[in-house]
Q: 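My questions all concern the structure below.
Here the structure is a predicted model, which means the values were calculated and not measured. Computation of the quantities below employed the complete heavy-atom set of this structure, encompassing side-chain atoms and omitting hydrogens, waters and symmetry-equivalent molecules. Ligands are counted one by one from 1 in listed order, and the atoms in each one are counted from 1 as well.
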Amino acid sequence: MPSASVKLKSASCQIAYWEGGGLRIANYLTRKTFSADPAALKLMDFFSTPRTIEEALFEFRNYSRKSLAKSLLQLIDAQLLLMQGSAELEQDARVSAAWRPWLPECAFHFMTQDTPYAPFDWPIAKKLKLASKDPMPPQFKTVRGTDRVRLRSYRAVADPFFETLHTRRTHREFARGKVSLEDVARLLQTTWGVQGYFRATGFGRLPYKTSPSGGARHPGEVYLMALRVEGLERGLYHYSAADHVLTRLPADVKPRSASAYCAGQSYAGRAAALFIMTAVFARTMWKYRRARAYRVVLLETGHLCQTFCLAATRLGLAPFSTAALKDTLIERDLGLDGIAESVLYVAGVGLPVRRMRARFAASSGGAISQRE
Ligand SMILES: Cc1cc2nc3c(=O)[nH]c(=O)nc-3n(C[C@H](O)[C@H](O)[C@H](O)COP(=O)(O)O)c2cc1C
């Protein structure tokens with residue numbers, strides 16, 4: 001127990017809810033939840049401004065000192081009550097200040113970070129045991145009705161754009177060679193680069209990119225993990241969209257760092273390059289003060305990834321995307337605090353294995369460049 005004169009404060013980053021008839025309190029920064037007696041809420045309320053244990057003993061003098069001390073200790077252990085001057089209180093204050101307009105809804109963002117993942121090499125039968133025991137839901141919805149219009153099928157149209165769409169697949173096997181810096185530059189510029197600017201009254205100069213962005217706020221940033229890129233040293237780089245420049249970051253990376261980033265998915269370490277997508281939430285939050293805008297940030301990351309996969313396919317490369325990520329590990333290597341800017345999604349490319357190359361050539365009518 002800290003000394004009676006130490007000031008404590010309730011964590012701001014917590015939510016309370018009822019589950020199975022009992023109260024639960026979750027600290028969404030530690031991602032721990034606790035069952036609690038509703039009386040704990042009175043204590044949390046008392047400590048919503050910093051107070052000492054002495055003050056609590058006086059305020060709750062009708063309770064036994066022993067039971068009060070026990071409850072306080074439990075709340076301190078659970079990091080629901082934080083000590084003034086502690087690193088935990090500082091972190092709690094930073095998150096609650098930076099995310100204020102989008103809280104408490106965006107507790108979701110923090111509570112779903114660093115999720116535990118089933119080991120990638122588990123057999124399917126074992127992974128299936130983690131799925132719901134209920135029958136698999138139908139894949140398609142059927143609306144009954146007599147007024148039906150059968151549509152012409154356009155799948156086989158010979159057009160490079162539509163062929164690229166149909167050719168895109170997630171790849172998890174790659175040939176051993178390197179991708180060229182030219183292709184990496186093209187992927188970065190096409191997906192995350194600035195295509196031009198326009199003026200918007202009240203907002204000044206805003207960028208155009210190939211993907212749409214709510215209010216043209218473009219919260220996305222991208223970091224390149226170069227593993228096998230011809231003419232570029234292996235390492236982590238920040239891509240500056242404004243001037244189409246890569247800046248090397250100090251972190252030392254190896255192919256196994258790539259699979260570690262992707263929660264143990266070994267194929268990521270055999271890719272030639274990873275494109276780590278983050279968001280600077282304040283860009284969107286500055287204009288859109290409601291938590292729904294968090295959805296916008298996620299939707300936009302999906303747009304970027306699809307653009308990336310299509311561009312990579314068109315270049316004859318083998319793309320993939322993954323949301324199974326070790327957030328804190330990645331953010332530490334990128335030098336991010338995970339508060340103002342946080343990782344959301346990772347895409348990657350390698351060279352296609354031989355049998356895929358044949359498919360690319362066949363489906364592109366030879367329009368897509370061949371690689372050795
Ligand atoms: C948001 C998102 C997350 C994904 N995460 C993973 C992942 O963690 N690991 C993986 O192997 N594939 C992942 N995928 C790829 C899907 O498994 C893949 O898209 C799906 O199997 C369909 O295959 P296709 O992309 O070739 O059409 C992800 C796809 C999306 C859209």
Side-chain angles (χ1 to χ4, degrees), residues 108-109 112-128 130-132 136-140 155 161-175 187 191-192 211-212 219-223 225 227 255-279 294-331 342-353 355-360 362-364 368:
F108 169 84
H109 174 79
T112 50
Q113 281 179 327
D114 292 322
T115 300
Y117 298 98
F120 183 63
D121 54 5
W122 268 15
I124 292 294
K126 202 166 173 184
K127 284 186 181 167
L128 268 176
L130 298 175
S132 168
M136 203 186 286
Q139 267 176 347
F140 303 103
R155 250 195 95 81
F161 175 71
F162 289 98
E163 280 174 352
T164 304
L165 285 170
H166 291 296
T167 307
R168 183 216 57 82
R169 287 290 170 269
T170 297
H171 295 253
R172 299 181 185 89
E173 281 177 68
F174 310 101
L187 287 169
T191 312
W192 293 278
S211 291
E221 290 287 321
V222 67
Y223 298 82
M225 182 193 243
L227 294 171
R256 68 166 182 274
S257 324
S259 35
Y261 282 11
C262 301
Q265 300 183 88
S266 45
Y267 67 85
R270 294 190 289 275
L274 260 53
F275 297 75
I276 303 167
M277 287 171 261
T278 66
Y294 178 73
R295 295 191 192 197
V296 170
V297 177
L298 300 186
L299 292 167
E300 289 175 19
T301 317
H303 283 304
L304 292 166
C305 194
Q306 175 71 344
T307 303
F308 170 86
C309 290
L310 292 174
T313 304
R314 182 76 184 123
L315 291 171
L317 299 172
F320 69 91
S321 60
T322 173
L325 306 174
K326 290 284 181 193
D327 312 74
T328 304
L329 175 68
I330 300 174
E331 285 161 3
S342 188
V343 66
L344 295 177
Y345 205 4
V346 166
V349 279
L351 292 184
V353 291
R355 69 191 143 85
M356 285 307 297
R357 285 190 226 176
R359 233 186 80 198
F360 276 106
S363 70
S364 68
I368 293 171

Q: Please list the nearest protein heavy atom to atom 8 (O) of ligand 1 with its residue and the distance rounded to 0.1 Å.
A: Thr322 OG1, 2.7 Å
Q: Look at the aromatic rings of Trp192 and Phe275 and report parallel, tilted or perpendicular, splitting at 30° and 60°.
A: parallel
Q: Would you mind running through ligand 1 and noting each atom that sits below 4.0 Å from a heavy atom of Arg168?
A: 24 (P), 25 (O), 27 (O)
Q: Looking at atom 1 (C) of ligand 1, what's its closest protein heavy atom, distance included?
A: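 Closest protein heavy atom to atom 1 (C) of ligand 1: Tyr345 OH, 3.3 Å.
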Q: To the nearest 0.5 Å, what is the distance between SG (Cys305) and CG (Leu344)?
A: 11.5 Å
Q: Answer yes or no: is there a donor N or O on one side and an acceptor on the other, between the side chain of Glu331 and the main chain of Val343, under 3.5 Å?
A: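 Checking the backbone N and O of Val343 against the side chain of Glu331, a donor-acceptor pair under 3.5 Å is found.
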Q: Quick test: of every protein heavy atom, which one is nearest to atom 23 (O) of ligand 1, and how far off is it to 0.1 Å?
A: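 For atom 23 (O) of ligand 1, the nearest protein heavy atom comes out as Thr170 OG1, 4.0 Å.
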Q: Under 4.0 Å from any heavy atom of Tyr267, which atoms of ligand 1 are there?
A: 9 (N), 10 (C), 11 (O)
Q: Check each of Cys305, Ala324, Gly302, Ser321 against atom 6 (C) of ligand 1 and report the one with the nearest heavy atom.
A: Ser321
Q: For Phe320, which part has a heavy atom under 4.0 Å from ligand 1: side chain, backbone, both, or neither?
A: neither
Q: For the NZ atom of Lys326 and the SG atom of Cys262, what is their distance to the nearest 0.5 Å?
A: 11.5 Å
Q: Between the side chains of Gln265 and Thr322, is a donor N or O closer than 3.5 angstrom to an acceptor N or O?
A: yes
Q: As a test of the contact definition, would atom 20 (C) of ligand 1 count as having a protein heavy-atom neighbour under 4.0 Å?
A: no
Q: Under 4.0 Å from any heavy atom of Ala323, which atoms of ligand 1 are there?
A: 3 (C), 4 (C), 5 (N), 8 (O)
Q: Among all protein heavy atoms, pick out the one at the shortest distance from atom 16 (C) of ligand 1; state its residue, atom name and that distance to 0.1 Å.
A: Arg172 NH2, 3.8 Å
Q: Any luck finding a side-chain donor-acceptor pair between Thr164 and Thr313 under 3.5 Å?
A: no
Q: Once you measure the plane-to-plane angle for Tyr294 and Phe108, does it fall in the parallel (<30°), tilted (30-60°) or perpendicular (>60°) bin?
A: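 Aromatic pair Tyr294/Phe108 classed perpendicular.
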Q: At less than 4.0 angstrom from any non-hydrogen atom of Gln265, what atoms of ligand 1 do you find?
A: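 Those qualifying, in numeric order: 7 (C), 8 (O), 9 (N), 10 (C), 11 (O).
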Q: At less than 4.0 angstrom from any non-hydrogen atom of Arg169, what atoms of ligand 1 do you find?
A: 26 (O)
Q: Between Asp114 and Thr328, is there a donor-acceptor pair closer than 3.5 Å when you use the side chain of the first and the backbone of the second?
A: yes
